[in-house]
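Proteins get letters first, then strands, A, B, ... in listed order; numbering begins at 1 in each.
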Protein chains: 2
Amino acid sequence: MEQRVIDTLREVFELNGFIGIETRAIEQGSSLLKKGETSKEIYLLSRLQEVGHESDTPVEQRLGLHFDLTVPLSRYVVEHSGQLPFPFKRWQIQKVWRGERPQEGRFREFVQADIDVVGEGTLPEHYEVELPLVMVGALERLREFGLPKATVHANNRKLSEGFYRGLGLTDIEGVLREIDKLDKIGADEVASLLVSECGATPDQAKACLELAQITASDGAALIDRFDGLCEIHHIDMDGGDYAMAKEGLDTLTMIVDEAARIRPGSVIADLKIARGLDYYTGSVYETFLDGADSLGSICSGGRYDNLATQGSRKYPGVGLSIGLSRLVSYMLHSAGATASRISPACVLVAVWNEENRADSNEVARLLRARGIAADVAPTAAKLGKQIKYADKLGIPYVWFPNEDPADDGPDQVKNIVSGEQTDADARSWEPDTVYAQQTVKTNA
Amino acid sequence: MEQRVIDTLREVFELNGFIGIETRAIEQGSSLLKKGETSKEIYLLSRLQEVGHESDTPVEQRLGLHFDLTVPLSRYVVEHSGQLPFPFKRWQIQKVWRGERPQEGRFREFVQADIDVVGEGTLPEHYEVELPLVMVGALERLREFGLPKATVHANNRKLSEGFYRGLGLTDIEGVLREIDKLDKIGADEVASLLVSECGATPDQAKACLELAQITASDGAALIDRFDGLCEIHHIDMDGGDYAMAKEGLDTLTMIVDEAARIRPGSVIADLKIARGLDYYTGSVYETFLDGADSLGSICSGGRYDNLATQGSRKYPGVGLSIGLSRLVSYMLHSAGATASRISPACVLVAVWNEENRADSNEVARLLRARGIAADVAPTAAKLGKQIKYADKLGIPYVWFPNEDPADDGPDQVKNIVSGEQTDADARSWEPDTVYAQQTVKTNA
């Protein structure tokens, strides 16, 4: 199931010209801790031979497991900048790890599927609408597995920051962090935190929450609502703060209008999206599934202008990441998708007795040569037991080689789901399409 | 490149009815250390928050990264024994990790590709020839990437042990460990080690080396040579030691004869194969490539009867493992294989000016809808620069949308390798087969 989802995403990413890369799971501590990520649950490594002396080495010089695919990408881009074609579009699907408190005896290991485009020095704005649309296209393809419709909710950090500053607030990171909690703790709680933690007056807190309530599916409506709110709160529309907000507003307007033209209903502006602790500098995205509010965002990202730097040279990027393990788990448990059957084999070839195993092997060889996955019964047990083995593996067909070598009559094949049994020749027989589709390309 | 190799192996494994599983990379220390593997370079984990207190937890209760895929399989089988169909045939392709001394500042992270079949209580012997043959078939498929012919060299632990005991030796593990060094340090050195480390007389050491020199491609020759050596060294052919050796000899005879019948030249008996430190109890395999002696074995394994146990219940298995990263590296550097081109895209659609980007996007959309991977130029730079970008990415075609919207003339497409430029319609144009083959399914 997860494998089929990965194959589908990979196909969409490559159709769109993204280059697949894989980075090592182990990075230097200095690289993992670079962006102030000390709050992350990072796993550090030590060799069995080092037990008792782990702490002799400073954390920055130790090794650790990557906790996302964006930090490794920024390391990779700087390391290979001489060879890479910029803008560099890459897809990457890998496991990442985050620790949990040891008393829970648990750890978190999950697969993320990322696309990013990274420029050298500059990066055109059109990627800020193209990348979310590639993800929407990919998620659309997953609807065949029962996934509901996905909608990207976009915002822009500059828009929020300009507005907050226009109100007279200065702890921008603090405000973003609290706004990020809206879905979890509700507006009243966020309002008191804005006052107690970020130095906001009750009126400023109210204005922040009003901003967070704005949504729009076209640019004109977005501008209307945002400018209206600025007027209500007396934000100087000739001042530098509004100018900053306007920069973000223009980008967001472009995004929703372009998206509406290309794929209506796929991207909306939603000014509560904050992505609290991350390294984003402009556009930010979260993605929600119809009827799956409790799942939260399944695909998030944004534009980051300062993550990768090399001396004075910057590598601005924009990217989105699907939390694949969580998504697949949702698809299996809630979205009506079912796991593939256990065995990839389409046919189990029966064995009459061990002396004739070679005949059964030959049938399997002929089927495989034509792309039909086949297994051979493990022992020459009673036929009922062999059929039960096929059933337990979810193999739909059992093949009976012609029992009497003296008689050159045909083999037979039984569909153990329908019970139908027919003559068959391993050189030409084809399974019903509905079963054939599940073979080989299907992963258990 | 590695991705294409993985896809090929997966296809062969599934055609043969192996079930794909993935196990977590992180295992309990107790599970990793179970089989006396303290000599392995295991990586242990600690949370960033635990720095300074790592050693408060006993190693068995800590977490670590798996160093192979066989130990995790044995844990998995025991944990899921109630649900698994036995014999359980599984393939698994994953990264594994082994530490190196920190002063080298290095670590080893590589991909292994394993197939195993695990029985419940018993496991029929025919799998001991079938699994190496599946691997030979898989390696055969890799010859299209430039891999030389592979030959499996098989031996049997019981044969070796019976012979050594028949000679009067008792430190069987010691002898196997020294014999395992033959290719590295040569016969003279091994002979002195057998005397100094394993308590062998010079005559016993000589007999061990003579056994290690026996190879055979058919069962009759094998029996002839083995029995001849037993006679020379006065091993009692009615005694228990010979009976033990005979058990291994019978299995090995079956393997080479069956393999010769099904795929001549694929498997030979080679009595120097020892697999020194591992958990094998019967058949052992190593695989060598023609003309690549220095590479050593690229696919090894064997039968293990005691690795997975649950109370008194045993889960005997047989399996082989390809060291995939090493193999791919060899294919790229020595076997004449070349890495895929950088971008998976087949076409780069040019952009005349930013106002017409939507037209270029629409061409790309039409091509992708027909399975042709396409990228769009990042900026409306001068045409020469756009063509250079395609060239750097290894994209063979550049598409020119009809420049003048007033004129409904056709688009054009240029093959930047041949220089040929023709009229084209994104709804029907097809790339030359040779390029089309590289799209989408090809990974960078």
Partner set under side-chain contact (heavy atoms from CB on, under 4.5 Å) for I93(A), not counting sequence neighbours: I6(A), L9(A), F13(A), W91(A), V111(A), A113(A), L324(A)
Between OG on residue S343(A) and CD1 on residue I19(B), distance to nearest 0.5 Å: 5.0 Å
Gap separating the CD1 atom of I21(B) from the CD atom of Q3(A), nearest 0.5 angstrom: 13.0 Å
Side-chain donor or acceptor of E109(A) paired with backbone N/O of A25(B) under 3.5 Å: yes
Choice from G137(A), G64(A), P87(A), G29(A) maximising heavy atom contacts with chain B below 4.5 Å: P87(A)
Heavy-atom side-chain contact between R62(B) and S46(A) under 4.5 Å: yes
K392(A) side chain near Q83(B) side chain, heavy-atom distance below 4.5 Å: no
Flag side-chain contact, heavy atom, 4.5 Å: E354(B) against E125(A): no
Shortest non-hydrogen separation from K95(B) to T23(A) and the atoms involved: NZ-O, 3.3 Å
Donor-acceptor pairs under 3.5 Å, side chain of residues 363-380 of chain A to any protein atom, not counting sequence neighbours: which ones?
unit_1	atom_1	unit_2	atom_2	d
R365(A)	NE	E362(A)	OE1	3.1
R365(A)	NH2	E362(A)	OE2	2.9
R368(A)	NE	A374(A)	O	3.2
R368(A)	NE	L15(B)	O	3.2
R368(A)	NE	N16(B)	OD1	3.2
R368(A)	NH1	N16(B)	OD1	2.8
R368(A)	NH2	A374(A)	O	2.9
R370(A)	NE	A426(A)	O	3.2
R370(A)	NE	R427(A)	O	3.2
R370(A)	NH1	W429(A)	O	3.3
R370(A)	NH1	E430(A)	OE2	3.1
R370(A)	NH2	A426(A)	O	2.9
R370(A)	NH2	W429(A)	O	2.6
D375(A)	OD1	K89(B)	NZ	2.6

Flag side-chain contact, heavy atom, 4.5 Å: I26(B) against Y43(A): yes
Straight-line distance of L48(B) CG to R98(A) CZ, nearest 0.5 Å: 13.5 Å
Close side-chain approach of L65(B) and L45(A), heavy atoms under 4.5 Å: yes
Nearest atoms (heavy-atom pairs only) where D7(B) meets R10(A): OD2-NH2, 2.6 Å
Option that, when pairs with chain B are counted at under 4.5 Å, heavy atom only, ranks first among G119(A), P124(A), P85(A), A358(A): P85(A)
